[in-house]
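Basis for what follows: all heavy atoms, side chains included, without hydrogens, waters or symmetry-related copies. Quick note on labels: first sequence line is chain A, next is B, and so on, each numbered from 1.
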Amino acid sequence: MAQEQFYHALKVDESLCYGCTHCMFVCPTDAIRIRSGKASIRKDWCVDCGECMKACPVNAFYIEQDDFDKIFNYKYRVALVPVVMIGQFPSNISESEIFSVMRELGFTHVFQTEHTVDVINEAMINELNKHEERPLISAFCPAVVRLIQVRFPSLVNQIIHVKPPIDASAIFFRKMLQDKGIPDDDIGIFYVTPCAAKIASVKSPVGDDKSPVNGVINMDFLYNKVYQGIKNRGGKTSRSPGDNLPNLGPKSIGWSLTNGEAPYMKGRCLAIDEIHNVIDFLEKIENEEITDVDFLELRACDESCAGGVLVVGNRFLAVERLRKRAQLFKDIHGTPEDLIPYRDYLMGKLPLKPIEPRSILKLDEDMTLALRKMQQVRSLMCYLPGIDCGACGSPSCQSLAKDIVQREAQLSSCVFIQRMMEKHKKLHADHAIRIIEKTWGKDRLDKDCTKLGAKNEGM
Amino acid sequence: MQFKYDLEGGNFSRAGHASSEVKKILKQLNVDARIIKRIVVALYEGEVNVVAHAHKGVVMVDIDEKRIYIRIEDEGPGIPDINLAMQEGFSTASASVREMGFGAGMGLPNIKKNTDQLNIESEVGKGTVLEMTTMISS
Ligand SMILES: Nc1ncnc2c1ncn2[C@@H]1O[C@H](COP(=O)(O)OP(=O)(O)O)[C@@H](O)[C@H]1O
Ligand SMILES: [Mg+2]
């Protein structure tokens, strides 16, 4: 049942959204429509890639996160921190400084997400050896996994059924704490997320029944808290107690960045980042135009996780810092010492359940009806202007035509059709305005000098 | 429902356009993914053959509830011996075409394998017509 509804972390703050078309046009799955002057997201179409949030001129998108105080529901409060978090801070701020401030904020343990990369890598290579089908695709990026489910349903079986570091590390650290005698209910693991898709994957996991992560904290939020904490210490080196974290080696540091996985897989491996690039490539794979690739590392964000929508700093600088860091620790290899005894345990927990296709492309379940609907769409396209202006509240003439056929819009939503109807005296001017207000909100066409770019902007 | 796509000899970067479009249509019609795959593979090979061996061509597609019918018609050198051309590995592709990764001689055999019904007619010096029919519902 839970699988039916697609949880998604991206939300629209209706008090901020003033109804423009930026988000609608950039959405790679056409999941956004404008209704009553606000952006509305189609839940099961959205893959939580965050493109809309990046494009919004008024910051009307937000990412739902768990209340920070939720961590205090647990006696043992674990922060699971991905490497890109460290990449946010200037290089004169040390990792232990960052982590000790996090302990001051209330976490009892700070662990690194990429701690388990070596074991994951081994499991992925096993899968590559076991399956004939090519290319196999990494399950690392949850936005990509969802993109494949909704837009490339025929490729779901090519996703490698191995859990990504967030889940693997949560499983390992939980087990390690349990083995120290801590009851499971007392352990709260909180992932510090660089993106919306990871939150969605915690709230409604794909290929897993329940996430091993208890909650999610947005990276931008925690960054501000930690940065403030470090400043308030005024350069004092007093460190709150806590285990010193093992330093990660280059493989773990680089794993979430572009070309993080590909160099460690077998055969011909490619790394592709940014969602439109990913879509273009998946089209070719689906057409079997490209058949001689063994492994694909696909990431929704430009520069992978360093380009996540909740990452504060510039992605190129973050990558540069992390690459330098990897160079510094170039002699660290292999599985971390504390993980070695848990290798077999973790291996057993890594397989994902089958990932179901969830096509959003089909016009109807029933092929005869789908055929009829497609005929209707093509007939409607004879009348729609093909300008793709978005003034109807749908991202293109084609999507308006589909919306009409699915009874989610009307032909008269098109402003150009309205003109023609007025010309032929089939539509009264007042009625036309009412139609526009239905899409763009009441009094939307009235003079308003406070809007973005107008002479009294923001007053 | 009918669709038409033009093919241009020698333009390898466009080969795959028709199959990509047909794939989008079949996905919207909720055709089984495995059947889509067969159709797309066959059409793609057919497109590549026009691009690699002929001057220009047209793809005509007709879809109803039961089957998809695809007709690829080209103006080009034609195929002198169709039976020979159908053999795996047989190819007259030029060295430059091979360098681009085409011309393994597997195109026509693959088309045969991936269509329910295939008909080829060709006239040397004039052109070739490929007709492929595949059932889309059981
Ligand atoms: N449309 C066509 N026009 C002319 N010759 C063709 C055409 N399609 C196929 N052929 C001939 O048949 C041969 C075998 O075709 P195919 O099995 O697709 O292999 P390939 O295209 O790799 O050579 C080609 O090398 C060519 O000589
Ligand atoms: Mg060929």
Side-chain angles (χ1 to χ4, degrees), chain A residues 29-30 45 133-134 147-159 268 279-293 355-382 396 398-399 401-403 405-406, chain B residues 1-5 12-49 51-52 59 61-69 100-102 104 106-107 110-111 113-114 134-138:
Chain A
T29 58
D30 280 349
W45 289 37
E133 203 144 8
R134 287 294 183 268
L147 177 74
I148 292 173
Q149 283 184 294
V150 301
R151 272 196 63 168
F152 301 93
S154 69
L155 300 178
V156 287
N157 292 327
Q158 277 162 261
I159 299 171
R268 188 169 171 214
I279 290 171
D280 284 351
F281 207 84
L282 288 173
E283 294 278 358
K284 290 192 192 300
I285 297 291
E286 201 178 41
N287 298 352
E288 298 203 6
E289 283 174 55
I290 299 168
T291 48
D292 47 357
V293 174
I355 296 169
E356 300 299 329
R358 312 185 340 92
S359 170
I360 56 169
L361 302 169
K362 58 184 175 220
L363 290 167
D364 204 290
E365 207 62 54
D366 178 328
M367 204 189 295
T368 310
L369 289 179
L371 204 64
R372 200 174 304 156
K373 285 181 179 175
M374 184 175 286
Q375 263 155 346
Q376 289 167 352
V377 168
R378 296 183 88 206
S379 304
L380 286 168
M381 287 305 289
C382 301
S396 65
Q398 188 93 37
S399 16
K402 285 182 198 161
D403 288 350
V405 168
Q406 305 290 20
Chain B
M1 204 168 17
Q2 284 165 350
F3 302 85
K4 173 177 169 283
Y5 309 95
F12 284 92
S13 62
R14 281 287 282 179
H17 171 69
S19 48
S20 205
E21 291 300 309
V22 167
K23 180 191 73 183
K24 278 180 203 149
I25 293 161
L26 296 174
K27 274 170 138 184
Q28 291 181 54
L29 296 179
N30 201 24
V31 174
D32 183 280
R34 282 159 300 192
I35 300 175
I36 296 182
K37 210 165 192 173
R38 296 180 68 219
I39 296 165
V40 166
V41 168
L43 176 52
Y44 178 66
E45 291 292 353
E47 277 184 81
V48 169
N49 275 355
V51 172
V59 179
V61 180
D62 184 82
I63 305 174
D64 64 29
E65 287 108 280
K66 295 215 160 48
R67 56 107 187 93
I68 178 169
Y69 165 82
M100 284 188 278
F102 301 96
M106 291 304 291
N110 258 337
I111 293 175
K113 205 169 70 195
N114 286 296
T134 298
M135 293 310 192
I136 56 172
S137 66
S138 36

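The line from CD of E289(A) to CZ of F281(A) is 10.0 Å long, rounded to the nearest 0.5 Å.
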Derivation and outcome, side-chain contact (heavy atoms from CB on, under 4.5 Å), residues V51(B) and R14(B): CA-CA 9 Å; V51(B) 172; R14(B) 281 287 282 179; over 6 Å; no

Show the numbers, then the answer: is there a side-chain contact (heavy atoms from CB on, under 4.5 Å) between L282(A) and L147(A)? CA-CA 10 Å; L282(A) 288 173; L147(A) 177 74; 4.1 Å; yes

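With hydrogens and angles ignored, the 3.5 Å screen pairs no side-chain donor or acceptor of S359(A) with any backbone N or O of P153(A). With E65(B) contributing its side chain and M367(A) its backbone, the two residues share no donor-acceptor pair below 3.5 Å. A donor-acceptor pair is defined here as one N or O able to donate and one able to accept, closer than 3.5 Å; such a pair exists between the side chain of R67(B) and the backbone of D62(B).
Taking 4.0 Å as the cut-off between side-chain N and carboxylate O, D292(A) and R134(A) do not count as a salt-bridged pair.
In this structure, the portion of D364(A) lying under 4.5 Å from any heavy atom of chain B is its backbone and not its side chain. Within the 4.5 angstrom heavy-atom criterion, only side-chain atoms of K37(B), from C-beta onward, approach chain A. For E45(B), no part lies under 4.5 angstrom from a heavy atom of chain A. Residue K402(A) touches chain B through its side chain alone, counting heavy-atom pairs closer than 4.5 Å.
Chain A is approached within less than 4.5 Å, heavy atom to heavy atom, by S20(B), K23(B), K24(B), I25(B) from residues 18-25 of chain B, ordered by number. Residues of residues 26-33 of chain B lying under 4.5 angstrom from chain A, judged on non-hydrogen atoms, are K27(B), Q28(B), L29(B), N30(B), V31(B), A33(B) in numerical order.
Under the rule for a side chain to side chain donor-acceptor pair (under 3.5 Å), E288(A) has no partner lying at least two apart in sequence or in another chain. With sequence neighbours excluded, no residue satisfies side chain to side chain donor-acceptor pair (under 3.5 Å) with E133(A).
Using a 3.5 Å distance cut-off with no hydrogens or angles, the side chains of E286(A) and S154(A) do pair a donor with an acceptor.
In this structure, R378(A) is positioned above the aromatic face of F3(B), its NZ or CZ under 6.0 Å from the six-membered ring centre and within 45° of the axis.
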